[in-house]
Amino acid sequence: MRFYPAHASCASLTRTSDTQATKLWHRDQNNSITCAGLPPGVFILKGPVVMSRYAATKIEEKWQKAWDEAGIFEAKRTPGKEKYYVLEMFPYPSGKLHMGHVRNYTMGDVVARYKMSTGHNVLHPMGWDAFGMPAENAAMASGGHPKDWTYANIAAMKEQMKPLGLSLDWSREFATCDEDYYGQQQALFLDFLDKGLVYRKNAVVNWDPVDMTVLANEQVEAGRGWRSGALVERRELTQWFFKISDYSEDLLSALEGLHDWPAKVRLMQENWIGKSRGLQFGFERCDGGAPIDVYTTRPDTLMGASFVGISPDHPIAKELETNSTEVAAFVAECRKGGTTEEAIETAEKLGYDTGIRVKHPLNPDWELPVWIANFILMDYGTGAIFACPAHDQRDLDFCRKYDLPVKNAFYALDDAVPVANEALVPAKSEKVRWVDHFAGLTEATGEEAINTTVDFAEKAGWGEGVTKYRLRDWGLSRQRYWGCPIPVVHCEDCGVVPEKKENLPIALPYDEDGKPIDFSVPGNPLDRHPSWRNCACPACGKPAQRETDTMDTFVDSSWYFSRFTAPHAKTPTILPEAEYWMNVDQYIGGVEHAILHLLYARFFSRAMKICGHLPDGCEEPFDALFTQGMVTHAIYQSTDDTGRPVYHYPEEIELRDGKAFLKDSGAEVKTIPSAKMSKSKNNVVNPLSIISSYGADTARWFVLSDSPPERDVEWTASGAEAAYKHLNRVWNLCDKIGQMEPGATGQGDEELLREMHKTIRDVTLGVESFGFNASIARLYGFTNTLAKSKAGQAAQKQAIMTLAQLMSPMVPHLAEDIWAHQGGTGLITTAPWPVADEAMLVEDSVTLPIQINGKRRGEITVAADLDKAEVEKIALAHEAVQKALNGGAPKKVIVVPGRIVNVVA
RNA sequence: GCGGGCGUGAUGGAAUGGUAGACAUACCAGACUUAAAAUCUGUUGGGCCUUGUGCCCGUGUGGGUUCGAGUCCCACCGCCCGCACCA
C-alpha cells in the first residue's frame with residue numbers, strides 16, 4: 001500500500017482479516033484518518049508506529065515555543081556586533097488580520113531571519129497605530145468606547161499574528177494610544193513649539209452644516225457628508241501647523257541620497273514638494289489700490305494674458321465679500337464642494353468679474369479684468385495668477401465660458417493655427433515660435449523663454465525671480481476625540497500657553513461626569529467636557545481652557561520607529577539606544593504611504609534632532625525602503641432579481657474548467673479577477689482559516705511566491721494548495737533521505753553539490769535584493785534536482801540540510817523540523833547562513849547559442865575560457881552558419897563571451 | 001484636471017540589450033489503484049509542411065535606434081494607483 005513516509009520506518013496499516021480495507025482510507029491534510037464508511041478503531045497498526053508526516057500545525061506550535069523559550073528574538077545591544085533594524089509599517093488595529101498583513105510581515109521576517117543568520121543583532125519590533133477615526137466611527141455606530149474597542153482589537157490581532165511565527169521582539173510592543181506613548185509625543189510637541197516648529201493659522205476644512213462637524217475627505221461622498229447627506233462646505237478654522245515648509249529644500253535635495261528607496265517613491269516626493277522657479281510681480285490697479293501680486297511659472301506667456309484671477313479666499317475677495325451680497329453669494333458657491341485638489345480641479349469652472357482693472361506690466365494701455373475664480377488655490381503662490389488661456393487648459397475653459405479673449409503667446413514651429421478649444425502646451429524643452437516676445441525671442445524653448453523673461457523682468461525692475469514649493473505646512477489639528485491631545489491651554493490673559501512637561505501626559509478623559517462619553521452626540525466630545533476642558537493656566541494659574549484639538553494620526557506614526565529603540569523610556573528617546581539602533585536599515589510597507597507618512601517621518605526626524613532627541617545622522621531615518629504590493633483575490637459576482645450585484649465568498653464557490661459555480665445552486669457566477677481584497681466585495685481570505693488548514697508556513701510560502709514583492713499577488717486556492725503540496729514534498733524528501741543507510745554511496749554527488757552551491761548563490765542574491773519570488777523559484781528547482789538525484793547519503797543529507805537553511809527565512813517551522821530530523825546542531829534560526837563555494841560555481845564548458853542575423857539557428861558547446869577568436873572559428877564552422885553564408889564571408893561576427901555568437905551574413 | 005505606474009502563453013509570472021515563456025498554476029496523457037483521492041512521470045505559445053537539431057509568426061498598437069529589442073527612444077490604445085482630515 002501507499003502511505004506517507006515515516007521517520008524511522010514506514011508504519012503499515014491493515015484491517016483485521018481484510019487486506020483490501022487498507023485501500024479504503026486516506027489521510028487528509030490535518031493528518032487525520034478518513035475512510036469510506038468505516039468507523040475508526042477497526043484498524044490495527046503493524047510495525048513501529050512512528051507517524052512522521054508533515055503536520056504543520058503541530059510543528060509550528062512546537063517551534064514557536066522553542067523560539068520563545070530561547071528568547072532569540074529579543075533585541076540586544078551588544079557593542080561591537082553589527083546591528084540590523086528591520087521594520088514593517090505598523091498596523092492599524094482593525095481587529096482583523098488580513099493577507100496583506102501576512103505578506104508585509106512575512107517579507108520583513110525573511111529579512112530579519114536572514115540577517116540574524118548572517119551574524120547581526122536584529123531589532124524587529126511590532127506596535128499599533130491605534131488612534132484614528134474608525135474607533136470613533138465604531139463608537140458612533142454601535143455604542144461603546146473607542147478605547148475599549150481599540151484595545152480589544154489589539155488583543156485580537158495579536159492573537160491572530162502569533163501563529164505566523166514571526167521573529168518579533170514583543171517586549172518592545174506599544175500602541176500609540178498608550179498614555180505612555182502619546183505623553184512623550186506631547187513632550188515632543190512642546191519641544192517643537194519651543195523651537196518655533198509649530199504655529200497656528202487659519203485653514204480650510206470640510207464642514208458638514210447639518211452634523212456641525214469637520215469631515216475627513218473620505219467622509220465626503222460626491223460633495224455630501226456621508227452621514228447627514230448635507231452639501232459639504234469649505235470653512236476656515238484656526239488650526240495648528242508644523243513648519244515643514246521650512247524644510248522643503250532640504251527634504252527635496254536629501255532625496256538624492258536615498259539610494260535604496262524606490263525611484264518611484266523619490267519621484268512622488270519630489271513632485272509633492274513641487275519646487276518651481278517663477279516670476280513674482282505686481283499688477284498695478286487702475287483704481288489706485290494696492291498692486292495685486294501674482295506668481296507664475298510661465299512668465300514667458302505674459303503676452304497671452306487674458307485676465308487676472310484671484311482665489312475666493314484671497315484678501316481682495318474677502319474684502320469685496322463684506323461689501324457685496326453678490327460677491328458673498330458667489331464666494332459661498334465656490335466654497336461648496338470638497339477641499340481636495342481633485343475636487344477643486346475637476347469642479348466646473350466658476351468666475352466672477354470683480355470690476356477691478358489692472359495694467360499689463362509691459363503695456364500700461366492694456367487693461368486686464370480681475371476675476372475671482374474657483375480653481376485658484378490660496379495656499380499656492382500668492383493666491384493670484386494671470387491667466388494665459390492659449391497655453392493652459394483650465395484658463396482656456398474659463399475664458400471660453402466667460403467669453404474672454406484668447407491670444408497665442410507662441411505657435412508650434414510647423415503650425416500657426418490659433419488655439420481653439422485645446423490649449424497648446426508643449427514640453428518646456430520643445431522649441432516654439434514666439435509672437436511678439438518682449439525680450440526679443442523668436443524661436444526658443446519654453447525653458448529658455450522663462451529664464452529670459454525672468455532676467456528681463458528683474459533688469460526692468462518690475463518682477464522678481466522666485467523659487468516656490470508646492471509643499472504646504474502640515475496641518476495637524478483634528479477636531480476629534482480619539483487622538484493625542486495637543487498639550488496647550490488657552491488663557492484669557494496669557495493667550496496660548498504650553499502645558500508644563502511635568503503635567504504630561506494630558507490624558508484623554510474616559511468618562512464624562514461619571515458617565516461614559518456619548519459618541520452619538522454630534523461634535524467633538526472634548527469640547528463639551530467641562531471637567532476635562534477647564535483647567536488652570538500653567539503661566540498665571542487663573543482659570544483657563546484646554547485646547548480640544550487632537551493631533552493628526554500621522555504625528556503618531558512619524559516617530560514610532562525611534563521610540564522602538566527605547567520603548568519604555570521616560571523621555572521620548574534615549575540617545576545611546578537611538579545611536580546604536582537607528583537608522584532603520586530596512587523599512588517595508590505599502591506604497592500608499594509613499595508621500596505623506598514618509599515625508600512627515602523625514603521631517604520629524606530632523607525636528608527631533610534639533611530638539612536633541614535623535615543623534616546626528618538620523619535626519620533620514622530609513623536607509624532602505626521597500627514598498628510591497630497588495631494581496632488580491634478574484635471577486636465572484638452574480639446578480640439578484642432587481643439587477644443589483646451580489647458578491648459571493650470564495651468558500652461558496654466551486655471552480656470547474658476555469659469557470660466559477662455556486663456550490664449550492666450550481667449556477668455559474670461572474671469572475672472578476674485580481675481585485676483588492678475588500679469586505680464589501682466578499683473576496684477576503686482569512687489568514688486564520690488558511691493557517692488552521694495548511695499551517696502558517698504554507699501561507700508564508702504562498703504570499704512570497706508567484707509575484708514579485710513590489711507587485712500585487714493574487715490569492716488563489718490552487719496556489720495555496722500548491723504551496724502546501726510543495727512543503728509536503730520537501731518534508732517527504734527529508735524523510736526519504738533520513739532513511740538512507742549512513743555512508744551509502746551513489747552517483748552524481750558532485751553535480752548535486754554544484755547545483756546546491758549555485759542555489760545558495762541565487763537564493764542569497766534573491767533574499768538580499770527582495771527577489772523572494774525568484775528565490776522561491778530557485779528553491780523549487782533545487783528540490784526537483786534533489787528529488788531526482790541518485791547521489792550518496794552524505795551528499796543528499798548535506799543538500800537537504802542546506803535546502804532547509806535556504807528555506808528557513810520563509811518557512812521557519814518546517815526548516816527547524818527538517819534540521820532537527822537530520823541531526824542539525826541547535827536551532828536552524830540561529831545557525832549561520834550557508835556560503836556558496838566559489839570553486840563549485842565555475843563551469844568548465846558553456847553552451848552558446850549561434851544567431852544568424854539576430855535569429856537563433858543553432859548552438860555550440862565550448863570550453864568556458866576559450867578565447868573569442870577560437871569561439872568565432874568554431875561558430876563559423878557550424879553547419880547552419882555555413883549554409884547561411886553559402887560560401888561567402890560573413891559581414892560581421894559578434895562574440896559576447898559566455899553569452900552568444902551572432903553572425904551577420 | 002494633475003502626477004505616477006503597468007500591459008509577455010489559458011493563469012500568476014521569468015528574462016545585467018544577447019536562446020522569450022524559468023518556476024508555478026490549469027489542462028491533457030501515462031504509472032499506481034477495482035475506482036477515486038493522494039503521489040510519481042511526461043506533454044502543452046500559435047501556425048505550416050517536407051515530422052526536422054525544420055521553417056514562419058509571436059511580449060497591447062504603430063514607428064525608430066541596434067549585429068541583436070519584452071528590455072532603449074517617440075506616438076497611440078487600454079488598465080490601475082495617488083492627489084494633503086482614511087491609515
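Since this is a predicted model, take the numbers as computed values, not measurements. Residue numbers begin at 1 in each chain, while the letters A, B, ... track the order of the sequences.
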I want to check one thing: is the phosphate of B:A24, taken as OP1 and OP2, less than 4.0 Å away from some side-chain N or O of A:Asn784?
yes
Does A:Asn773 put a side-chain nitrogen or oxygen below 4.0 Å from OP1 or OP2 of B:A14?
yes
Mind checking salt bridge (charged side-chain N to carboxylate O under 4.0 Å, His left out) for [X] and listing every partner two or more places apart, or none if nothing turns up?
| X | answer |
| --- | --- |
| A:Arg266 | none |
| A:Lys891 | none |
| A:Lys349 | none |
| A:Asp556 | none |

Output one line per pair: protein atom, nucleotide atom from nucleotides 41-48 of chain B, and distance, for all N/O pairs under 3.5 Å.
none

Tell me, please, which residues at least two apart from A:Trp128 pass ring pair (Phe, Tyr, Trp, His ring centres under 6.0 Å).
none
Note, A:Tyr694 side chain near A:Leu727 side chain (heavy atom, < 4.5 Å)
no
Any side-chain heavy atom of A:Val730 within less than 4.5 Å of one from A:Val811?
no
Between atom CH2 of A:Trp149 and atom CH2 of A:Trp482, what is the distance when rounded to the nearest 0.5 Å?
10.0 Å
Please list, chain by chain and in numerical order, all residues satisfying side-chain hydrogen bond (donor to acceptor under 3.5 Å, both in side chains) with A:Glu236, sequence neighbours excluded.
A:Lys318
Where each residue is assigned the nucleotide of RNA chain B containing its nearest heavy atom, which of A:Ala777 and A:Gly854 is assigned the position nearer the 5′ end?
A:Ala777
Can you name the residues that form a side-chain contact (heavy atoms from CB on, under 4.5 Å) with A:Ser718, not counting sequence neighbours?
A:Thr716
Under the side-chain contact (heavy atoms from CB on, under 4.5 Å) test, residues paired with A:Lys788 that sit two or more places apart
none
Would you call the rings of A:Phe770 and A:Phe772 parallel, tilted or perpendicular, taking 30° and 60° as the class edges?
tilted
For RNA chain B, please output the secondary structure as dot-bracket, reading 5' to 3'. Pairs are Watson-Crick or G-U wobble, both atom distances under 3.5 Å; mark crossing pairs with [ ], other-strand partners with |, unpaired with a dot.
(((((((..(((.....[....)))(.((((.......)))).)(((((..).))))..(((((..]....))))))))))))....
Is there any protein nitrogen or oxygen under 3.5 Å from a nitrogen or oxygen in nucleotides 51-60 of chain B, and what are the pairs?
residue, atom, partner, partner atom, Å
B:C56, OP1, A:Arg857, NH2, 3.4
B:C56, OP2, A:Arg857, NH2, 3.2
B:C57, OP2, A:Lys855, NZ, 3.4

Is any NZ, NE, NH1 or NH2 atom of the basic residue among A:Glu755 and A:Arg778 found under 4.0 Å from an Asp or Glu carboxylate oxygen of the other?
yes
When you check every protein heavy atom under 4.0 Å of nucleotides 5-10 of chain B, what one-letter string (B, S, -) results, 5' to 3'?
S-S---
